[in-house]
Amino acid sequence: MATATGGGPVPGAAVSPGRSPRTITRLPGDRHRDGYVCCRDYLLNVLMACPDPSRGIYLTYFIQGLILLSAASSITAGEYFLGLSAGVAFLLTMAPSLMTRNIRLCLPWEVNLLVAVSLYLHVMGHVGEYYVTLAPYYDKLTHLVSSITVAVIAFFLAVLADHQGDIRLTRQAIVVFILVSTLSAGTVWEIYEFVVDQAFGTNLQHGNADTMMDLIVDLVGAAIVAFIAAIVLARGEGHQFIRFFADPSSGTEPTDIVADPVDTARSR
């Protein structure tokens with residue numbers, strides 16, 4: 001039986017066969033959430049322990065290499081602005097890993113791949129002129145993939161804040177947060193395109209109808225993720241999403257987190 005320091009035995013504690021009991025320290029503010037005792041010190045220790053990267057991460061490396069290749073080919077052809085844009089895109093593909101490393105979180109390789117693919121599609125839209133030759137479908141595909149990527153990250157941030165911090169978010173609040181965050185990111189992107197067009201005489205935007213269709217596609221991508229998030233939260237599986245990010249290599253429940261009766265008074 002696992003024990004809670006200063007608090008006596010933890011009800012319903014279970015330890016896997018062959019494993020030594022672990023002492024779990026409950027800190028002030030620890031809560032019983034979604035049928036599990038959320039101990040902050042334990043959760044932080046789990047989030048600090050990143051597993052060895054999956055082989056899937058090599059797909060992300062491959063996409064990053066293609067972005068670097070696009071940057072090099074653009075500079076060689078004298079397209080310095082495109083080369084600079086591709087270089088910035090490559091740096092942005094590294095941002096999620098660097099940021100999560102600093103705050104001791106682990107992102108699954110699938111999320112890193114989504115980020116890399118989103119930026120690669122944008123880079124090739126300009127370098128390969130797909131925005132022109134495959135207009136308007138390529139642009140809308142890029143917006144759809146990018147909006148799904150942003151929405152997935154927003155979902156993770158909302159669930160993490162709800163489980164780790166003192167913020168209590170309902171299912172409806174998380175869904176709204178996903179939609180608003182994704183649309184906000186899409187709006188910022190459209191503002192960026194407008195500013196670049198005005199400053200450098202480019203043609204990133206093609207009128208009001210094109211801008212509005214881009215935002216509508218962004219909303220569709222956000223709605224897809226929000227719908228899936230609503231189902232996950234309705235089933236009380238938000239903690240599984242946290243474990244997915246904390247330890248992507250493991251789909252099982254941490255055996256040292258104690259199962260308590262689910263609080264049916266709290267619905268999401």
Side-chain angles (χ1 to χ4, degrees), residues 53-54 56-103 105-157 181-206 210-211 213-215 217-218 220-222 225:
S54 167
I57 195 64
Y58 292 108
L59 288 175
T60 303
Y61 296 156
F62 177 71
I63 299 298
Q64 289 176 323
L66 292 179
I67 295 175
L68 281 180
L69 183 62
S70 300
S73 63
S74 297
I75 294 175
T76 302
E79 298 287 348
Y80 300 111
F81 181 77
L82 291 181
L84 176 62
S85 299
V88 172
F90 172 76
L91 294 177
L92 289 176
T93 62
M94 300 177 63
S97 297
L98 294 176
M99 292 176 61
T100 51
R101 183 180 304 172
N102 291 334
I103 60 177
L105 286 178
C106 305
L107 279 181
W109 67 267
E110 292 91 345
V111 176
N112 286 310
L113 179 62
L114 267 178
V115 173
V117 168
S118 300
L119 291 166
Y120 176 69
L121 288 175
H122 172 66
V123 168
M124 290 306 299
H126 291 297
V127 175
E129 298 184 348
Y130 297 141
Y131 281 139
V132 177
T133 59
L134 300 178
Y137 308 107
Y138 188 86
D139 178 50
K140 303 311 177 252
L141 172 65
T142 302
H143 274 272
L144 180 63
V145 175
S146 299
S147 61
I148 289 176
T149 302
V150 173
V152 168
I153 295 175
F155 180 33
F156 163 62
L157 292 176
S181 298
T182 307
L183 279 178
S184 297
T187 301
V188 170
W189 181 259
E190 296 301 326
I191 293 174
Y192 154 78
E193 290 186 335
F194 174 79
V195 171
V196 171
D197 283 348
Q198 298 301 312
F200 300 102
T202 55
N203 192 31
L204 299 178
Q205 290 188 321
H206 302 280
D210 176 69
T211 299
M213 283 302 300
D214 288 345
L215 292 175
V217 173
D218 292 340
V220 171
V225 177

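The residues of the chain are indexed from 1 along the displayed sequence.
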Which heavy atom in [X] sits nearest to a heavy atom in [Y], and how many Å separate them?
| X | Y | answer |
| --- | --- | --- |
| Ala71 | Gly87 | CB-N, 4.0 Å |
| Val123 | Ala89 | CG2-CB, 3.5 Å |
| Val150 | Ser181 | CG1-O, 4.4 Å |
| Gly221 | Ala151 | O-CB, 4.5 Å |
| Gly125 | Tyr138 | CA-CE2, 3.5 Å |
| Tyr80 | Ile75 | CE2-O, 3.8 Å |

- Show your working on side chain to side chain donor-acceptor pair (under 3.5 Å) between Thr182 and Ser147 and close with a plain yes or no. CA-CA 6 Å; Thr182 307; Ser147 61; over 6 Å; no
Just wondering, do [Y] and [X] contact through their side chains at under 4.5 Å, heavy atoms?
| X | Y | answer |
| --- | --- | --- |
| Leu134 | Leu141 | no |
| Val145 | Ile148 | no |
| Val115 | Leu92 | no |
| Tyr130 | Thr142 | no |
| Ser184 | Val188 | no |
| Thr60 | Gln64 | yes |

- Test Asn112 against every option in Thr93, Ile57, Val117, Ile63 by the side chain to side chain contact (heavy atoms under 4.5 Å, CB included) rule and name the one that passes. Ile57
- Message: Counting only heavy atoms from other residues, nucleotides and ligands, does the tally under 6.0 Å from OH of Tyr131 exceed 12?
- Response: yes
- Message: Tell me whether Asp214 contacts the main-chain N or O of Glu190 through its side chain, where contact means a donor paired with an acceptor under 3.5 Å.
- Response: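 No.
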- Query: Where the side chain of Asp197 meets the backbone of Leu204, is there a donor-acceptor pair that is under 3.5 Å apart?
  - Reply: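 Looks like yes, one N/O pair under 3.5 Å.
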- Item | CE-CG distance between Met213 and Asp218, expressed to the nearest 0.5 angstrom |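 Answer for the CE-CG pair, Met213 versus Asp218, is 10.5 Å.
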- Task: Mind telling me whether His126 and His122 have parallel, tilted or perpendicular rings, with 30° and 60° as the class edges?
- Result: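 Rings of His122 and His126: perpendicular, over 60°.
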